[in-house]
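Worth saying up front: this structure is predicted, and the values here are computed from it rather than measured. Read the numbers this way: they start at 1 and go in the same order the structure lists the ligands and their atoms.
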Amino acid sequence: MDWVIHNGEMLERKNAKVDIEDRGYQFGDGVYEVIRIYNGKLFTATEHLQRLVESAAKVGITLPYKVAELQTMLEELISKNEVDLGIVYLQFTRGESPRKHAFPGIDVAPTFVAYTRKVDRPQAKMERGMKAITEEDIRWLRCDIKSLNLLGNLLANQKATEAGCDEAILHRGNTVTEGSHTNISIVKNGIVITHEADNFILNGISRQVMLKLCKEHDIPFEERAFTLEELNAADEVFLTGTTIEVVPVIMINEKPVGVGVPGTMTRKLQSLFEDEIVRECGPLLENRV
Ligand code: PDD
């Protein structure tokens with residue numbers, strides 16, 4: 001059976017119903033998280049749930065649970081659904097209320113939904129790399145909020161899909177920001193460069209893990225905006241994200257990145273990232289290499 005959480009209750013998926021006037025449905029008025037599950041355990045759960053609390057606070061939604069309470073509920077769901085390798089998705093909207101732009105009163109409680117899904121590690125892409133296009137970043141100016149409003153991301157990702165690619169690398173004018181659903185880093189002369197965590201990008205938890213690994217292993221890195229020229233001249237390009245961990249980009253706009261194969265720094269970070277997963281969640285059955 002497929003169980004979900006609806007407003008704190010564990011229900012069979014078919015019995016979980018959300019009102020047509022839920023503000024998430026009508027306005028995208030809510031926030032969400034996607035957390036990885038390895039060996040039935042959540043990876044970097046606290047970091048994700050803390051970011052959820054922050055996203056909610058930034059849009060004035062008060063979550064009715066503490067981080068630890070949420071984590072316990074998600075762990076119960078994972079165990080009930082017997083998910084070994086996958087993701088848990090959770091979202092809070094501002095609740096059900098007749099359509100009106102201004103927020104409803106405090107008597108309207110947020111709607112909380114969570115479900116799990118079995119998702120493999122993208123082994124082939126991790127090994128061989130992904131192809132990407134570049135696309136103007138037309139999103140709003142608060143990309144630090146993990147908002148349900150993803151139309152700008154979806155439009156860019158659809159363009160990539162239509163071009164036979166896996167990801168759209170977004171740029172505001174000449175400045176590269178992030179991927180449509182990933183963070184991007186380049187490697188030049190042994191230095192990892194990724195956009196600083198400001199309002200133009202989502203401060204990815206995988207990005208933060210990757211930067212922590214750089215620090216711990218004396219890998220030089222810079223958190224700063226970089227240009228399309230720097231992207232095109234990079235030795236290596238890689239993406240980070242919850243479902244993909246660290247994935248090389250080997251082709252951008254049909255041109256090879258560097259020599260067109262995953263680079264040594266990307267390989268090193270992939271392997272360090274994997275060690276981090278093993279440390280937190282135990283041995284992985286299917287290792288990348
Ligand atoms: N996407 N940037 C954007 C715009 C994202 O949507 C995501 C995650 C990331 C990477 O963040 P993290 O490392 O915390 O997953 C960066 C999720 C997985 C999604 O929307 O499915």
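Close approach of ligand 1 to Ile205 is summarised as follows: ligand atoms under 4.0 Å from at least one heavy atom of the residue are 12 (P), 13 (O), 14 (O). Listed by number with element, the atoms of ligand 1 under 4.0 angstrom from any heavy atom of His48 are 14 (O). Counting atoms of ligand 1 from 1 in the listed order, those under 4.0 Å from a heavy atom of Arg51 are 14 (O).
In this structure, Tyr32 has a heavy atom closer than 4.0 Å to ligand 1. Not a single heavy atom of Thr243 sits closer than 4.0 Å to an atom of ligand 1. Residue contact check for ligand 1: Gln208 places no non-hydrogen atom closer than 4.0 Å to it. In this structure, Lys146 has a heavy atom closer than 4.0 Å to ligand 1.
Shown are Asn81, Val119, Val83; of these, the side-chain contact (heavy atoms from CB on, under 4.5 Å) with Ile37 is made only by Val83.
With Phe27 as the aromatic partner, Arg94 does not meet the cation-pi criteria of under 6.0 angstrom to the ring centre and within 45 degrees of the ring axis. A cation-pi arrangement is present between Arg36 and Tyr38 under the rule of less than 6.0 angstrom and at most 45 degrees off the ring axis.
Closest protein heavy atom to atom 7 (C) of ligand 1: His181 O, 3.3 Å. The single protein non-hydrogen atom nearest to atom 10 (C) of ligand 1 is Asn183 OD1, 3.7 Å, given as residue, atom name and distance. Looking only at heavy atoms of the protein, atom 13 (O) of ligand 1 is closest to Ser206 OG, 2.5 Å. Atom 15 (O) of ligand 1 has as its closest protein heavy atom Thr242 OG1, 2.5 Å. Scanning the protein for heavy atoms near atom 21 (O) of ligand 1, the closest one is Val34 CG2, 3.8 Å. Of the protein's non-hydrogen atoms, Gly204 CA, 3.4 Å is the one closest to atom 11 (O) of ligand 1. From the protein, the heavy atom lying nearest to atom 2 (N) of ligand 1 is Glu178 OE1, 2.7 Å.
Going from atom OG1 of Thr116 over to atom OH of Tyr89 covers 14.0 Å, rounded to the nearest 0.5 Å. Taking CD1 from Ile250 and CZ from Phe238, the interatomic distance works out to 16.0 Å, rounded to the nearest 0.5 Å.
Although no hydrogens or angles enter the test, the distance criterion places a donor-acceptor pair under 3.5 Å between the side chain of Ser206 and the main chain of Thr242. A distance-only check finds a donor-acceptor pair linking the side chain of Asn153 to the backbone of Ser180 [under 3.5 Å].
Residues Ile201 and Asn183 approach most closely at CD1-ND2, 3.9 Å, considering heavy atoms.
With hydrophobic clusters built from ILVMFWY side chains whose heavy atoms lie under 4.5 angstrom apart, Leu170 does not share a cluster with Val247.
Note: Phe112 and Tyr65 meet the aromatic proximity criterion, with ring centroids under 6.0 Å apart.
At a heavy-atom distance under 4.0 Å, only side-chain atoms of Asn153, from C-beta outward, approach ligand 1. With a 4.0 Å cut-off on non-hydrogen atoms, Ser180 touches ligand 1 through its backbone and not its side chain.
Polar contact with ligand 1: absent for Arg139 (N/O pair, distance under 3.5 Å).
Counted by atom type alone, Gln26 and Arg23 present zero donor-acceptor pairs between their side chains at under 3.5 Å.
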